[in-house]
Enquirer: 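Handing you a structure now.
Since we're looking at a predicted model, the values are computed, not measured.
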Amino acid sequence: MPIRVQNDLPAKEILEHENIFVMDEYRAAHQDIRPLRIGLLNLMPLKEDTELHILRSLSNTPLQVDVTFITVSTHESKNTSVNHLNRFYRPLTRYAIFVLTVLSSPVRLLS
């Protein structure tokens, strides 16, 4: 089933070239299907690579999936541009989400 993502997400073009059905926001707004809304709190260092990997995995489900990438104000990304985060990620407090998945590498020391 389709994955609903933002129209200009870089992973969208790659997924389309791999023949994965990705639905843009405009088309999804005109569907009668209620998608499963998933929030992804992506704390991985290479966020764009992780986005692509997760979206590929979600494309194999029989459900229409609406993916929202989530950020928290206390986490500062070192490997992903601020422009990418501002454009494609939303603050955790702004959305009602049915499923929240945290993507993180092992953390050895929290300060």
Enquirer: Is any side-chain heavy atom of F69 less than 4.5 Å from a side-chain heavy atom of K47?
Expert: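 Result no, sub-4.5 Å side-chain heavy-atom pair not found.
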Enquirer: So, do D8 and F88 sit near enough that their side-chain heavy atoms are less than 4.5 Å apart?
Expert: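 In contact.
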Enquirer: Compare all side-chain heavy atoms of H84 with those of P10 and state whether any distance is below 4.5 angstrom.
Expert: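 H84 reaches P10 side chain to side chain.
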Enquirer: How far apart are the closest heavy atoms of N42 and E51, and which atoms are they?
Expert: ND2-CG, 4.0 Å
Enquirer: Of the non-hydrogen atoms in N79 and P45, which two are nearest, and what is the gap between them?
Expert: CB-O, 3.1 Å
Enquirer: I would like to know whether L9 and L55 meet side chain to side chain contact (heavy atoms under 4.5 Å, CB included); could you show each step before the answer?
Expert: CA-CA 11 Å; L9 183 71; L55 291 174; 3.8 Å; yes
Enquirer: Please determine whether the number of non-hydrogen atoms from other residues, nucleotides or ligands lying under 6.0 Å from atom CD of E13 exceeds 12.
Expert: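 Counting other residues, nucleotides and ligands, CD of E13 stays at 12 neighbours or fewer.
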Enquirer: Please report the closest heavy-atom contact between P91 and I70, naming both atoms and the distance.
Expert: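 In terms of heavy atoms, the two residues are closest at C-CG2, 4.4 Å.
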Enquirer: Answer yes or no: is there a side-chain heavy-atom contact under 4.5 Å between S77 and L85?
Expert: yes
Enquirer: Could I get the full list of side chain to side chain donor-acceptor pair (under 3.5 Å) partners for H53, not counting sequence neighbours?
Expert: none
Enquirer: Under the side chain to side chain donor-acceptor pair (under 3.5 Å) test, which residues partner D49, sequence neighbours left out?
Expert: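 Side chain to side chain donor-acceptor pair (under 3.5 Å) check on D49 returns nothing, list empty.
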Enquirer: Any side-chain heavy atom of R56 sitting closer than 4.5 Å to one from L52?
Expert: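 They are in side-chain contact.
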Enquirer: With a 4.5 Å heavy-atom cut-off, do T50 and L40 have their side chains touching?
Expert: no
